[in-house]
Amino acid sequence: MTVVAFAEKNKAAAQIASILGDGEVDKISVEGLPAYEFKWKGEEWFVMGLSGHIMSYDFPEKYNKWNEVDPGVLLGIYPEKFVTRAEYAAAVKNLAKRADKIILACDYDREGENIGFEAKTLSEEVTNVPISRARFSALSPKEVKKAFENPVEPDYNMAMAAEARQILDLKMGAAFTRFVTLSVREKARTKDILSIGPCQTPTCGFVYEREKIIRAFETKDFWKITAIFVAKGGEFEGIHRAGNIYEKEKAVEIFKRLKGAKEGLVVKKTVKEAKTSPPNPLNTTEYLKRASKFLGISPEAALEVAEQLYLAGFTSYPRTETNKYADDFDFKSLVFDFARQTEYKPFAESILSAPIVPKNGEKDAHDHPPIHPIRAAARREISAAVNIPQAAEAYDLIARHFLANLMPAAVFEKTHLQLHVKEEPFDSSGTVLKDAGWLEVYPFENKKDKLLPFVEEKEKVDIKKLSNTKSKTSPPKKLTEAELLTLMDKHGIGTKATAPSHIETNKKRGYFETKGKTVSILDTGFTLMEGLSLTVPILIRPDIRSKIEALIQEVEDGKKEFEAALDEGTALIKEMYAQLEANKKELTSSIAGTIKDEAALEDKKNYIGTCKVCGHVLKIVQTDTGRFVGCSGYPDCRNSFPLPKTGALNVLRSKECKKEGAAVLKVGNKYNWAVGIGPCFKCDLEKECYPPETVGPCPECDGSMFLISFKDSRFLGCTKRCGYTHSVPKTGKLTLLDKTCGTCGWKLFRLKEEGDSPEEDFCVNRRCTEGIKYWRKTGPRNESRGQAKASGDSVSRPEAGSTARSTARSTARPTPCKVSKGPSITGERKEDRGK
DNA sequence: GCAAGGTC
């Protein structure tokens, strides 16, 4: 007699073989895959692990051309099931041919049943031997032996429920994803896929809803009146009973009444005992939440760690909804085991010193026990066996959580004081941990005391300080991953095993991101959710998942035929699809805008800023006929601005236009241009945007002298335009230094003439003895004066229909200037030639 | 190329 068993995965198969074969197991290879051969109860056994699902649904080939098939058509197609892991299928058939009896031994849940049926389907292609099912919820010798000694009938309904889910999820996901992606691509160029799914979309919906609340939040000012009291035993704080006071006048009034108060009276003291029970036993979601909150491990990583701890035999099956220990759970021998492990010894001993009463939750899904340790192990033992960094920490959390479940409640003493200050009521409270109970073994929870000094009723206490503090109400915080998991669990989004992957999908699609433990929505996610909430609101809410889940649960319970559930589910999806189609425009326009904005933001060279008309992105647009600044919201928004026709354009990010031009551009190496305003040198605010680098005070008025450079001349002019000018060396490279002249206070210049002549630093001021020295030395060679010369510049205009408001004018402009970018000066000037 | 569910 040969028995063949199929487990869900290789490691489970190995564990089963080692339990049933009692250590005497041969590892063999079937079609290149590992399997295990042994003898049990006189029979020849083969156990092989699958790799989860080895089959999958998809649409027939001809429906895979996105551009040729209307997505709605997919809803009427029955997808095909095919083998995704050919090597596994071959191995299953190979073993099935040798079998006199086949046992499905996958995980004990809906998907496990379905995976077993995949092996059953494949086996039935080559044999017709009896196929039964072994059900066990822990890979412990006791559970496994019991399950294989008493195999049962495979559960057809359970397997078909999973089948219905697969088909409905595929239909909905494929049709909606293609529809949204293709519709958006009609408006914005993108290769990205905008996916929709019955789990991923409501998951994003939770993040969106929180973001909406945060954005709509209006902060309010409030005042709080506090006192610091001094008793014999020390200081403590009291808060006026009015708490957060939202009217300023009221706070001022109370505070006025308190003015000059030197002491307070303790009118009442109450001491209460409060108990905090241990947390409920760990089911998957609770474990993932705590791993994120206490250990900072992402849900996805935490699940992987738990899986490995389970496969290595340290902890129980990690995918469970149950948070209630079975009535016959053998706590005692497990705790005894922990009593031998140094790290946990004291807690285990205290548990064993009294009758064991476990803390239990309410949920019993009859699937697996709560996640608990299978045996006590030291950190190094875990690290050696499971090669994942956080394995030891995760085991420690699971072990301590289990021990905490068996320990007494923590006892706190809470003291509350009522005080009067000039008849105004104040409250003060403190907490002291009297008996740590389970908190002893559970260092993750905060158990800080807030101490109060000892005071008695009727005691008078001094006042050290009275304050009336203004604060602001703050918006709700962003969701944490732990909170998101709670919401998903509460609304039945995904299974305990897949919740982390739905979070990952949303991140991959660019819908939201996680920073540390918090989750923040991204623009694409926000606009997509907004679009869906206006067209098919049910999609972003958990309802969509619960409707499908309810249908397939009926199949599992045998209350509904598989075909009927499929029809009903498809009808529901078709209805939603019709709504989506009818509102295509509303749905896609804002998403397309966001995608275009994101592309424009990425294009750093052409990015200008935000459009004041529509809020989208302004960018430099280059066409065959010219260039201009346009809005990414085009054609809905036609806001645009002209640009000069020639010269390379560079956006000066650090410059700000005082006339509210959208941005400042450098044109070639020549001049600056404010988008929407025109050339900066034509602007009356130019000096505010480009304050001149002054040389020193003007000797004629209270202005300052600064360097003015034209194409073929340069001189110093006065910022107040008093008419006083001053010559500078005509040739050579002039640099204004930070050093000043000790005699007159003007800044020194440095001159580098052409050729080999050395650089020299000097004062240029003719009214200064130092300056006179310089001019005497250089002689008459610099005695020319500059001439402003006009040159033209033309500007390209955007296409017709634009709302350009700046116009181009032919105008004079300065040439590049090596020293300072001084503004042009027109009008008379008188040259000072010294006296 | 699309979903969610397994597992690696």
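Lettering of chains follows the sequences in order, A, B, ..., and the numbering in each one begins at 1. Keep in mind it's a predicted model, so treat the numbers as computed, not measured.
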*Between A/Asp169 and A/Arg545, is there a salt bridge with N-O shorter than 4.0 Å?*
yes
*Is the shortest heavy-atom distance from the side chain of A/Val47 to the side chain of A/Ile103 under 4.5 Å?*
no
*Which letters describe nucleotides 2-7 of chain B, given B = protein heavy atom under 4.0 Å from base, S = only from sugar-phosphate, - = neither?*
BBBBBS
*asked:* Which is more 5' along DNA chain B, the nucleotide nearest A/Leu311 or the one nearest A/Leu182? Just name the residue.
replied: A/Leu182
*asked:* Could you check whether any side-chain heavy atom of A/Tyr208 comes within less than 4.5 Å of a side-chain heavy atom of A/Tyr511, counting everything from C-beta outward?
replied: no
*Does A/Glu111 come within less than 4.0 Å of A/Arg165, counting only side-chain N to carboxylate O?*
yes
*What residue pairs, at least two apart or across chains, pass ring pair (Phe, Tyr, Trp, His ring centres under 6.0 Å) with a residue in residues 482-508 of chain A?*
A/Phe206-A/His491
